Each structure stands twice: as C-alpha cells, then as structure tokens.
Amino acid sequence: MSRRPFVAGNWKMNYVPSEAATVAAEFAAKITPTANVDVAICPTYTSLAGVCSALRGSKIHAGAQNVFWADSGAFTGFISAPMIKDLGATHCIVGHSETRGKFGKLETPESTVPFFAETDETINLKIRALIKHGLVPILCVGETLAEREAGQTDAVIQGQLKGGLDGISESDLANLIVAYEPVWAIGTGKTCDTPEAERVCGMVRQTLASLVSAGFAEGVRVLYGGSVKPDNAAELFSQPNIDGGLVGGASLKADDFAKVVAGA
Ligand code: PGA
C-alpha cells in the first residue's frame with residue numbers, strides 16, 4: 001500500500017499572532033502541496049485563528065499543538081477540541097516531548113520538573129477528544145538520551161503507543177498519524193541517523209500491527225521528527241517506513257519549509 005506523505009510544521013512558542021498570519025500567508029504562496037503530499041502548520045493557540053484565515057483557500061492544513069480533553073467547563077487556561085475545530089483547524093499534536101511529564105529535552109535540573117505533567121493516560125484522553133470532534137491526532141512518541149543509552153528505546157516507545165491508544169477502536173484510529181521523535185534529536189541539530197530512524201519507525205509500525213491490526217499498521221502514516229532540515233529531509237523521507245516529518249526549527253521560514261516539503 002502506498003501511503004501519502006505528510007509534513008507538519010510545529011511552530012512551538014514562536015511568532016506573535018500578527019507575524020504568524022504574515023508568515024502563514026507566505027507559506028500559502030510558496031508551498032503548493034501537490035497531489036502527493038499533505039502539509040500542515042501548527043502555530044501556538046493565539047495564532048491559530050489568524051493562521052487558519054491566512055491558509056484558507058490554500059491546500060495547507062492548520063493544526064494546534066495541544067488540547068484539553070473536556071469539551072468545556074471549569075478548566076482555567078485550557079483549550080478544547082471544539083474550540084480548535086471552530087477556527088478551522090483540522091489537526092492537533094498530542095504528547096510532544098515538550099509537554100510530556102518530564103521536560104526531557106533539557107538535561108538540566110528543570111528536566112525533572114513535571115512541567116506539564118502529561119502522561120500516557122492524559123494523552124489517551126486527548127486523542128479520544130480529538131477523534132470525537134473529527135480532528136486528526138498527531139501522536140508523538142520517542143525516547144530520551146538516557147533511555148536510549150540504557151537500551152530502552154523500543155520498550156519506551158511500545159509503552160507510549162500502548163498507553164496512548166489503549167481502548168480506542170481501530171475505526172476511531174483511522175486518521176491517526178504517529179511521529180517518532182527521539183527527544184535527544186529535537187532542536188539539537190543531532191538528527192537520528194537514517195537507518196536507525198527507519199528501524200524505529202518500522203518498529204512503531206510492527207507495534208501498531210500487534211496493538212491494532214496488520215491492515216491498520218500498513219496504512220498508518222509514521223513520521224520522523226528531530227532536527228529535520230532541508231538537506232536531510234529527502235533522505236529520511238525516502239525510507240520505506242518514514243512517511244514524512246514533524247518539523248520544528250526548519251518550519252519557521254517558508255523557504256526552508258518548502259525545501260523540506262519538496263523532500264517528501
Ligand atoms: P526540531 O523540532 O525540528 O526543531 O528538532 C521537531 C519537533 O519538536 O517537533
């Protein structure tokens with residue numbers, strides 16, 4: 001089965017809303033997703049409305065970077081799936097390592113602070129909320145450097161997939177996208193080497209075959225993320241188990257991102 005590649009830009013906490021709308025308009029002008037690749041930009045919440053209107057009429061989708069699982073209620077400071085959807089967004093990142101329980105990216109005392117306290121259980125609730133409202137979840141999984149050095153890479157990711165998807169039916173998971181993001185490769189310039197990125201993405205697919213079904217695993221899109229750049233995108237995305245990328249730094253400028261998209 002041939003899977004259509006997907007490239008998503010994760011803008012993280014960058015751009016004030018007026019800048020974001022201008023940059024998104026530039027993306028819409030420079031990036032014409034062909035019939036062969038899907039593209040999305042995920043700005044911060046405050047920029048989502050402006051980015052959605054700037055992208056209207058283009059083929060680029062807009063997504064959020066996180067979501068809270070209840071539809072509404074007494075949850076000060078949180079944003080629900082219906083709020084994201086109402087703006088015209090179609091996708092949402094879930095379980096990024098920068099929102100999981102440990103701020104694993106930083107090898108500093110801060111890395112032990114349960115910053116956003118996200119667990120596989122809360123990630124599961126978020127995925128369910130997105131599915132309920134017809135939004136596409138982009139589930140991030142990946143190991144820290146300490147976990148990799150301890151030989152736990154595969155076990156950690158298998159646990160994240162099992163916990164994140166627990167109890168959700170195969171038909172509900174139809175639109176799910178999974179992104180393998182080794183925590184040590186995010187924003188560090190250290191890309192996971194291509195054979196290892198391919199191996200882990202293949203392992204993700206095998207794990208999904210046993211958790212969901214062989215047919216599901218064959219069709220699900222598995223992305224690689226972590227220091228994807230214009231000069232390494234084509235090689236990474238040409239691997240049989242890598243169906244595109246989740247791109248941070250290189251998604252902030254239209255020229256760079258257009259080159260990454262061209263790599264798919
Ligand atoms: P990066 O971030 O491309 O800047 O490494 C990727 C991500 O965190 O999604």
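Numbering of ligands and ligand atoms starts at 1, following listing order. No experiment lies behind these values; they were computed from the predicted model shown.
Applying the 4.0 Å criterion to heavy atoms of N10 picks out, from ligand 1, the atoms 9 (O). Counting the atoms of ligand 1 from 1 in the order shown, those under 4.0 Å from a heavy atom of G249 are 1 (P), 3 (O), 4 (O). Every atom of ligand 1 is numbered from 1 in the order shown, and the set under 4.0 Å from a heavy atom of A185 is 5 (O). Taking every non-hydrogen atom of H96 and a distance limit under 4.0 Å, the qualifying atoms of ligand 1 come out as 7 (C), 8 (O), 9 (O).
For G187, a nitrogen or oxygen atom sits less than 3.5 Å from a nitrogen or oxygen atom of ligand 1, counting backbone and side chain alike. The N/O atoms of G248, backbone and side chain alike, include one that comes under 3.5 Å of an N/O atom in ligand 1. Distances between N or O atoms of K12 and those of ligand 1 include at least one value under 3.5 Å. No N or O atom of G225 sits closer than 3.5 Å to an N or O atom of ligand 1.
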Requested in this report: Check step by step if side chain to side chain contact (heavy atoms under 4.5 Å, CB included) holds for K59 and V39.
Outcome: CA-CA 8 Å; K59 283 191 176 162; V39 179; over 6 Å; no
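Under the 3.5 Å distance criterion, with hydrogens and angles disregarded, a donor-acceptor pair is assigned to the side chains of H96 and E181. Q160 and D120 share no donor-acceptor pair across their side chains, judged by distance under 3.5 Å alone.
Other residues, nucleotides and ligands place more than 12 heavy atoms under 6.0 Å from the CD atom of E170. Within a 6.0 Å sphere centred on OH of Y45, other residues, nucleotides and ligands contribute more than 12 heavy atoms. At most 12 heavy atoms of other shown residues, nucleotides or ligands fall within 6.0 angstrom of atom NZ in K253.
Ligand 1 lies within reach of G226, whose nearest heavy atom is under 4.0 Å from it. Residue-ligand proximity: K229 is placed with every non-hydrogen atom at 4.0 Å or more from ligand 1.
Classification of K85 and D71 as a salt-bridged pair fails, no side-chain N sitting under 4.0 Å from a carboxylate O.
Counting heavy atoms from C-beta on, the side chains of F257 and V7 come closer than 4.5 Å.
At the top of the distance list for atom 7 (C) of ligand 1, counting protein heavy atoms only, stands E181 OE2, 3.2 Å.
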